[in-house]
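To start, the structure under review is shown below, and the notes come after it.
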Amino acid sequence: MPNESTPARYYLTTPIYYVNARPHLGHAYSTIVCDAIARRKRALGIDTWFLTGTDEHGQKIERSAQQAGRTPMEFATAISAEFRGLWDRLGLTYDDYIRTTEERHIHGVQKLFSTLRDRGFIYKGSYTGQYCVSDEAYVDGPPGTYCPDCGRLTETVSEENYFFKLSAFERKLLEFYEANPGFMGPDSTRREVISFVRGGLKDLSVSRTSFSWGIPVPDDEKHVIYVWLDALANYITALGYGSDDPADQARFAKFWPADMHLIGKEISRFHCVYWPAFLMAAGIQVPRSVKANGWLLFDQGKMSKSRGNIVRAETVQEVLGADALRYFLLREIPFGQDGNFSFDALVQRFNGDLANGYGNLVSRVVNMVHKYFGGVVPEVGDVTPAEAKLRESATKSIADFAPAFDDLNFSEALKGLWLLVAEVDGYLTANAPWKKPPERSDEEHIKHQARVLATAAEAIRIITALVYPILPESAAKVWKQLGQGDIGDAAKNAFLTRVTWGELKAGIILGEPAPLFPRAEKDAVERMQNLEEKNVSSAVDAVSGNTSASDATSTPQAPQSALGVSPVPESATAPASATASPSVVSVQGQLAGTVPHSNAVHAQLGGQLTDHTAAPVDSDTPVATVHVHQVPAELASSRISPTPTAAPTGTPLQPAEPAAEQPQHITIDDFTKVELRVAQILVAERIPKADKLLRLEVDLGYEKRQILAGIAQHYDPEKLIGRKIVIVANLAPRKMRGLESNGMLLAASLQDGAPVLASFLEEVPLGARLK
Ligand code: MSP
């Protein structure tokens with residue numbers, strides 16, 4: 001039972017996930033961390049409430065739905081179900097799942113808004129400035145400013161808004177941070193937030209009028225409430241804030257304030273500045289802590305839909321199991337820091353720590369107790385210094401594990417515990433209960449075996465109890481094998497409050513030995529890569545309406561969105577890096593190679609044909625290559641040949657020739673990886689000191705972008721404005737002359753290298769995809 005200094009209840013939350021994209025490992029990371037914490041708290045007898053859910057309103061979701069040809073509600077419902085389904089398949093033990101489109105939430109948000117307005121913290125004004133739709137955030141700066149968080153071009157918004165008096169909270173927040181040093185973490189987050197607030201707080205626009213997918217402002221329904229005010233409120237509305245039902249009110253009174261909001265580091269400003277200010281203004285207690293995890297990186301970049309470098313949790317679960325994923329994420333990445341995910345590292349950890357480490361230890365000991373003692377735990381008998389030492393180490397592990405885990409230092413906690421795994425392994429090897437030296441009598445040998453195996457089994461019991469929140473499925477199996485019954489029941493009885501040496505009593509009957517972590521074979525990495533590749537194709541097919549999509553996603557581990565679409569082809573975009581990694585190949589040469597004559601259509605950037613490798617980033621005459629991410633090596637060699645050698649920059653390039661010998665074909669899957677869309681040029685201007693480049697702002701209907709194009713010597717910028725063109729929409733962003741380019745224009749390339757922009761004779765809607 002919790003002692004007096006331990007709170008009797010614990011409320012923790014994940015961020016609520018945007019429903020513009022299907023879940024990936026980056027999302028699973030925060031949710032898994034929360035699940036591990038929730039499991040430990042419950043097993044310590046603490047009344048725990050673990051909340052997760054989805055963030056479903058706002059311009060970004062409205063546009064994603066529009067792009068998929070669905071209503072926002074249909075769209076949100078389908079993606080939200082994917083998140084929830086994944087959490088269920090991974091066995092995550094959330095207590096409540098909130099959707100911001102639920103009535104209970106809408107009601108609570110309107111109550112919060114009215115309270116803020118009634119208390120004089122909201123006033124009406126008008127906002128003209130920049131807005132980042134991707135982050136749903138207001139950004140300071142003139143038109144053309146990039147979002148400092150995600151790097152995308154902001155849009156100019158000019159509309160009547162309600163404002164929240166954030167400026168009134170500058171001092172209060174600083175005083176609050178000072179008085180509560182443990183409120184935010186890690187230190188880097190704390191420093192950033194404090195310096196942001198010290199820099200001065202401006203009032204914050206908390207309503208929008210230029211779109212309608214949101215919660216209406218009470219009594220002024222042409223406004224919808226700003227999506228971050230809406231989303232942050234989930235932490236209280238899910239508990240029952242604003243409800244008249246006594247049960248809801250009791251839950252709110254019991255669990256609020258939250259003990260911890262676990263968030264990704266990029267959303268700390270919203271959680272550490274806006275959220276406490278809203279709560280202070282409404283007269284509601286602020287949360288006890290906000291802790292930020294770092295980013296999961298894959299191929300050097302933050303794993304994210306827009307970079308196209310995602311890995312799905314289902315893939316790892318299918319090949320190695322959910323526990324392997326949990327262990328890897330918590331062991332490999334020091335919490336708070338960014339960490340690399342790679343299939344190789346995952347398999348190495350799996351084999352090293354789980355299969356050969358803990359799993360092998362359990363199997364050796366349980367099998368020997370069965371073999372030598374008929375599966376009954378023997379009497380330990382008289383102990384020697386070796387057992388005393390092991391006991392001391394186990395006791396130290398128990399003492400060290402708790403503070404490390406509770407400080408979110410999971411990696412250290414596991415590292416320490418695995419020292420104990422290694423020590424028990426070494427103890428077994430040194431004392432070799434399977435070997436009887438000739439000088440030892442039979443009776444002495446049985447005593448020796450009993451002492452060693454009972455001691456090792458007890459150490460395993462302790463390791464298993466401690467590791468349960470991180471490896472719940474495997475710990476449950478070991479618990480049974482150790483004759484301890486159902487670990488879930490043990491957790492309900494607060495078994496973690498009583499982890500002490502000596503509880504594995506003689507006479508306990510062990511369960512049947514069963515494999516825990518079958519060693520991952522050589523093909524494990526390949527299998528995971530293939531699953532991801534299959535998912536990429538299915539996402540692309542789904543968007544492109546290819547009828548084979550349902551076949552590709554028929555596996556239960558790789559569910560197709562209930563909408564039958566993936567909102568955006570998640571992995572069809574290129575990595576941010578211009579350098580090709582082994583899993584990145586160029587399809588450009590092959591696309592060109594399928595066009596048999598000169599004047600082929602080429603994606604063009606910087607006045608060069610693009611069937612050559614990428615020029616250095618920041619050059620103003622770059623040669624671009626379409627990169628397709630995540631194509632396994634064997635596919636690369638069979639379907640797509642390697643990137644051709646670079647031509648010297650500036651060399652007049654010849655249009656693509658038909659392939660000399662056998663024509664090389666690409667599959668429809670290869671083609672659909674390149675997302676070609678109709679866009680309209682809104683702004684076109686020259687860039688100082690770059691005579692070949694034009695800066696364009698283009699409208700895709702669902703989003704506006706900046707593209708730098710090497711057509712300045714062939715097109716007058718003024719004549720381009722209003723023109724509809726074709727762009728490669730899923731090309732990784734690149735920087736040139738300090739400006740970011742998000743896409744590439746399509747142009748025919750004439751013999752002299754002059755580009756002719758691709759265009760249409762008929763009217764075409766913005767954003768329409770070319771298939
Ligand atoms: N909807 C907002 C949060 C509102 S909370 C009131 C949001 N959603 S999100 O879907 O974009 O991100 C949700 C969380 O997932 C964030 O904490 C974000 O950091 C996390 N992650 C998304 N990709 C990630 C990685 N690659 N690595 C680690 N976490 C990542 O922001």
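As a basis for the values below, the full set of heavy atoms in this structure was taken, side chains included, without hydrogen atoms, waters or symmetry mates. Predicted, not measured: the structure shown is a model, and the values here were computed from it. Counting starts at 1 for both ligands and their atoms, in listed order.
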Donor-acceptor side-chain pairing of H261 and T13 below 3.5 angstrom: yes

Proximal atoms of ligand 1 relative to A231 (non-hydrogen, under 4.0 Å): 6 (C)

Flag for Q130-T145: side-chain donor and acceptor within less than 3.5 Å: no

The one among Y17, W228, W275, Y274 that brings a heavy atom closest to atom 4 (C) of ligand 1: W228

Ligand-side contact atoms (ligand 1) for residue partner G294, heavy atom cut-off under 4.0 Å: 28 (C)

Protein contact of atom 16 (C) of ligand 1 - nearest heavy atom, named by residue and atom, plus distance: E266 OE2, 3.8 Å

Modelled atom types, side-chain donor and acceptor of Y241 and N234, under 3.5 Å: no

Y274/F164 aromatic ring centres below 6.0 Å: no

Nearest protein heavy atom with distance in Å, relative to atom 3 (C) of ligand 1: I16 O, 3.2 Å

Closest protein heavy atom (residue, atom, distance) for atom 9 (S) of ligand 1: Y18 CD1, 3.6 Å

Flag for Y327-D353: side-chain donor and acceptor within less than 3.5 Å: yes

Whether E136 lies under 4.0 Å from ligand 1, heavy atom: no

Verdict with supporting geometry, L296 and H24, side chain to side chain contact (heavy atoms under 4.5 Å, CB included): CA-CA 10 Å; L296 207 56; H24 59 69; over 6 Å; no

N or O contact, L296 vs ligand 1, cut-off under 3.5 Å: yes

Distance from atom 22 (C) of ligand 1 to nearest protein heavy atom, with residue and atom: H27 CD2, 3.9 Å

D55 and ligand 1 - part of the residue with a heavy-atom distance under 4.0 Å: side chain

Close-contact set for ligand 1 against Y235 heavy atoms, below 4.0 Å: 5 (S), 6 (C)

Any N/O pair M303/ligand 1 closer than 3.5 Å: yes

Nearest-neighbour protein heavy atom for atom 30 (C) of ligand 1, which is reported as residue plus atom name and distance: G26 O, 3.5 Å

Ligand-side contact atoms (ligand 1) for residue partner I263, heavy atom cut-off under 4.0 Å: 17 (O)

Side-chain H-bond candidate by donor/acceptor type, Y18 with E56, under 3.5 Å: no

Donor + acceptor pair across side chains of R99, T77 (<3.5 Å): yes

Sub-3.5 Å N/O-N/O distance, G264 and ligand 1: yes

Shortest protein contact, atom 23 (N) of ligand 1 (heavy atom only): H24 CE1, 3.5 Å

From E740 atom CD to R734 atom CZ, the distance as rounded to the nearest 0.5 Å: 11.0 Å

Audit row: I225, H57, side chain to side chain contact (heavy atoms under 4.5 Å, CB included) steps and yes/no: CA-CA 9 Å; I225 295 173; H57 289 128; over 6 Å; no

Qualifying residue for side-chain contact (heavy atoms from CB on, under 4.5 Å) with T100, from V19, I16, T237, I106: I16

Location of contacts on N293 toward ligand 1, heavy atoms closer than 4.0 Å: side chain

